[in-house]
Amino acid sequence: MPIDILMPALSPTMEEGTLSKWLKNEGDAVKAGDVIAEIETDKATMEVEAVDEGTIAKIVVPAGTENVKVNTLIALLAEEGDDVDQLGKGVGQDEVAAGAKGAEVEAPLAAQAAPASVPAAPKTEVAADPDIPAGTEMVSTTVREALRDAMAEEMRRDGDVFVMGEEVAEYQGAYKITQGLLQEFGAKRVIDTPITEHGFAGVGVGAAMTGLRPIVEFMTFNFAMQAIDQIINSAAKTLYMSGGQMGAPIVFRGPNGAAARVAAQHSQCYAAWYSHIPGLKVVMPYTAADAKGLLKAAIRDPNPVIFLENEILYGQHFDVPKLDDFVLPIGKARIHKAGKDATVVSFGIGMTYATKAVAELEKDGIDVELIDLRTIRPMDLPTIIESVKKTGRLVTVEEGYPQSSVGTEIATRVMQQAFDYLDAPILTIAGKDVPMPYAANLEKLALPNVGEVVQAVKTVCYK
Amino acid sequence: MAPRKTASVSSRKSAVKPVKKDFNGGTFADFSKDEDLNAYREMLLIRRFEEKAGQLYGMGFIGGFCHLYIGQEAVVVGMQMALKEGDQVITGYRDHGHMLACGMSARGVMAELTGRRGGLSKGKGGSMHMFSKEKHFYGGHGIVGAQVSLGTGLAFANRYRGNDNVSLTYFGDGAANQGQVYESFNMAALWKLPVIYIIENNRYAMGTAVSRASAQTDFSQRGASFNIPGYQVDGMDVRAVKAAADEAVEHCRTGKGPIILEMLTYRYRGHSMSDPAKYRSKDEVQKMRSEHDPIEQVRARLLEKKWASEDELKQIDKDVRDVVADSADFAQSDPEPDASELYTDILI
C-alpha cells in the first residue's frame, strides 16, 4: 500500500502554506528523517522530513503552489513491493485541483466536534464542626501555642509529617511557632533551610509528590512570592495534570498580611491571590481553636493547603477545647455571633475590626450576624447566603487590597445567587489601594478601622 | 538537619576533587551483545515514536507545543540501564523519550499527545505534563527549571525514608541558568541528597546557543561552589552514558550526596514543532547526524561484531515500527475525555 504524504501543520495555528520546494523527485528513494520538501508558513520556511521509508511515486502538488491547506495530499510514497510506475499514474491533476484527497483524512476530533455543554461544577458537602461534649474543659491558649500544638500532635500521629523552613529548628521559629519541635522530633523532622524559598518550596513539593507530608513554613508569606511558581504550577496543578495519579499533600503556612510598621514589602495579604487558584485550599483562621483544628485538618488533607496566619494574632488568647483530637472541617464558615439586622463576613485579622464594630453596633440597637469565613477556598457561600436571606444586608471586612478582593468575590456571588434577598447594596471594607506606608499615622490610615465597619453597617441598614 | 561545620577561610581547599574518569573520549567498558541490542531497540523506539509524533502534529492530531527528543536518545537509554526499582525520574518538557525509557506505554504517551482519554494523564496533561506513579516518573514539567527543585525533593524523600534510591533529575543547558537550580544544588550538597543532576546540553536553549547565554559553558562544573562533583559525558555514545550513570548511581547510593553529569548531546529537530531552526547551519546538523548518531553507532557495532545481521536489525526495526504504528492508531481512535472529566482531579 502506498503511503500518503500530507501537507503538515507546522505550528499550533497554521492552516495553510506554500509548498515552495521539493528536495526529492519522483522515483527517488527516501529514508525516515530525509528532508523531502520545504514549506513556507506565515512565520518561517520549514523543512518537511519523511517519516517512512520508500520511493517517491508521485508528486501531487508541484513546487511553488500557494495556499495549500493542511492535510492535503502532496505526494505518494511507494513502499517495498508497490508498483511505482502504476501508482504514479493513479493520481491525476483533477484530484489535486479539487483538493479532495486531503478530505479523506479524518480531521482531528476537536475540529469536528460541536462544542459540548459545560458540565456543572461539582458541589461538595462539607461536614459541620464536631460537637464539643458538654463539660469539656476550655483552656485559654494563644494562637501561637495552638499552631504549635497542632503540628506536634500531627507529627506524633504520622511519621511522614515533617516541618521545614527558615529558622524553624534551632532558633525555635522566627515567631516561635515551632517552639520545642526540634527537641521532641529531632533534626530529621524539623529542618532548618537556607534562605531559598523558591528552592525549598520545590523540595517540599517534590517530597510531597512521593507521599510525604511536609509543612513548609514561610517566615512570612511575603517571601512566598519567590516560591509562587512551585506553589501554583507544581503543587496546585499536578493532580489535574497527572489525571489524578499524584498530587502534593503539603501545607504552606506562615504569617500573612500587615504586621506593624514593617512597610510595603512585608505587609500584604495574599488571601485573594491564592484563592484564585483551582487545586489549592486556602485557610485563614482567627481564633486559637480554629487555628488548631484547621491546621490539623490541613496537615491531614491530601491536597496542597495555604494556611495564612497573622503575626498580630499570634499572641492573642482564646479558649481551646481540651480534646484528644480536635479537628475542624476545611471549607466551613463559623457563625461567630448570631444576629438579625445585618450580616458581616470577615476572616483572619479582619475579625478584630468586625468583632469590635459588632459590639459598638449592639449599643446602637443593631443586631449583627458575624460570620468568620475561616476558609477562603473552598468558600462556604451557603452559610453566607443563609444569613443574607435572614438579614438582607451584607458587609465584608478584610485587610487586603480592595480590587479583586475576597470581599468583592463574596459580593459578586451573593449578588448573583441572592439578589432578591438584598435590601441594600453590599459594602466591602478593605485596606486602602496603596502600598503599605511606614509612617505610623499613614499606616493606620491604610488599614481598615472599626469606625469604617460601623459606618458601613449603618449605611446598609439605612441608619 | 544537624548543623554542619563550615570550613574556615584559611583551610579552604580546592572545591572540586579532580575528575578521575573520562566519559567524554576516554575508554569505558564495551557493552555485551544483550546490552547493545537492548540499547538499539530502546533508542530506535524513541526515534520512530518521535518521528511519528511529528507526523501526527503535522496532521493536526497533536496540538500546542511538541518538543521532540530526536538525536538525544542515548542519554535516557544509557541512564536507565543503571537504575533499579524505585529510582525516580523527573524532567522538563522534552519528555517523551524519558517516559518511553522508563517503560511507560507508547500507547499511553501517544494518546496523551493527541489528548485522548487513554492518555497517561487522561488527556488532561498533554506533551509536557505526564506522570507515572507505577514507573516512578514524576513528570513532565513545563516551567523551565522547576523540575530541579522537585527532583531534589524526590531525593529528600529517599533520604527521609532511609532507602537507597536515587533521583534522576534531568534538565537542559537553558534551565541550568535558572536560580532555583543553585538553591537546589546548595540544599542537595548540604544534606547529601541522592540526586543525579543530568544536564542535557544540546547546545541550544530554544534558539540561543550555549555560548550566548552561559558565562560558564562547562556545565559539569556548575556545582563547583557547592562541592558537587561533575563529569562531562559523550551523550551521543550510549556506552559512555551508561558508564557515567553507573559511577553516579554508586556515588549517590553510598551516601556521598549529589553529582552532576553534563551530557554533550544534540537535538536534530527544532526546539518545538514550529521552530525552523535558523540559528544553526544545516552542515552542523548534518555533521552530527552522519558522524555521531547514537543509533547508527550501535548499529555499526552490532554489524561489525556480527551480533546481528542486516535482516535481524530489519526485524527489530519492523517490531519497533509496529509498536509505534499501534500507538498512533490508538491515539487517533481513542475517544477524547468525557466532558465530565473537566471537573475531576482538581482536589482529592
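Just so it is clear, the values below take in all heavy atoms, side chains as well, and ignore hydrogens, waters and symmetry mates. Just so we're on the same page: letters track the sequence lines, and every chain starts at 1.
For B/Asn158, no part lies near chain A; criterion is any non-hydrogen pair under 4.5 Å. Only the backbone of A/Glu197 comes within less than 4.5 Å of a heavy atom in chain B; its side chain stays farther off. Heavy atoms of A/Ala120 lying under 4.5 Å from chain B belong exclusively to its backbone. There is no contact between B/Glu112 and chain A, counting heavy-atom distances below 4.5 Å. Heavy atoms of B/Ser272 lying under 4.5 Å from chain A are absent altogether. Residue contact with chain B, scored on non-hydrogen atoms closer than 4.5 Å, involves the side chain of A/Ser234 exclusively.
Between B/Tyr93 and B/His271, the distance from one ring center to the other falls under 6.0 angstrom. Here the two rings, on B/Phe156 and A/Phe200, have centers that are 6.0 Å apart or farther.
Ranked by heavy-atom pairs shorter than 4.5 Å toward chain A, the options B/Leu154, B/Asn186, B/Val181 are led by B/Leu154. Residue with the most contacts toward chain A among B/Gly125, B/Cys66, B/Ala157, B/Gly142: B/Ala157 (heavy-atom pairs, distance under 4.5 Å). Note: B/Tyr160 leads B/Tyr268, B/Tyr160, B/Phe65 in heavy-atom pairs under 4.5 Å with chain A. In terms of heavy-atom pairs under 4.5 angstrom with chain A, the leader among B/Ala146, B/Ser184, B/Ala277, B/Gly63 is B/Ala146. The choice from B/Arg161, B/His141, B/Lys278 that makes the most heavy-atom pairs within less than 4.5 Å of chain A is B/Arg161. Among B/Lys122, B/Met273, B/Met128, B/Met187, the residue with the largest count of heavy-atom pairs under 4.5 Å with chain A is B/Met187.
Using bins of under 30°, 30° to 60° and over 60° for the plane-to-plane angle, the ring pair B/Tyr197/B/Phe185 lands in the tilted bin.
No donor-acceptor contact under 3.5 angstrom links the side chains of A/Thr45 and A/Lys21, judged on distance only.
A/Asp301 contributes a side-chain N or O that, together with a main-chain N or O of A/Asn303, makes up a donor-acceptor pair within less than 3.5 Å.
Within 6.0 Å of CD in A/Gln183 there are more than 12 heavy atoms belonging to other residues, nucleotides or ligands. Other residues, nucleotides and ligands contribute at most 12 non-hydrogen atoms within 6.0 Å of the OH atom of A/Tyr171.
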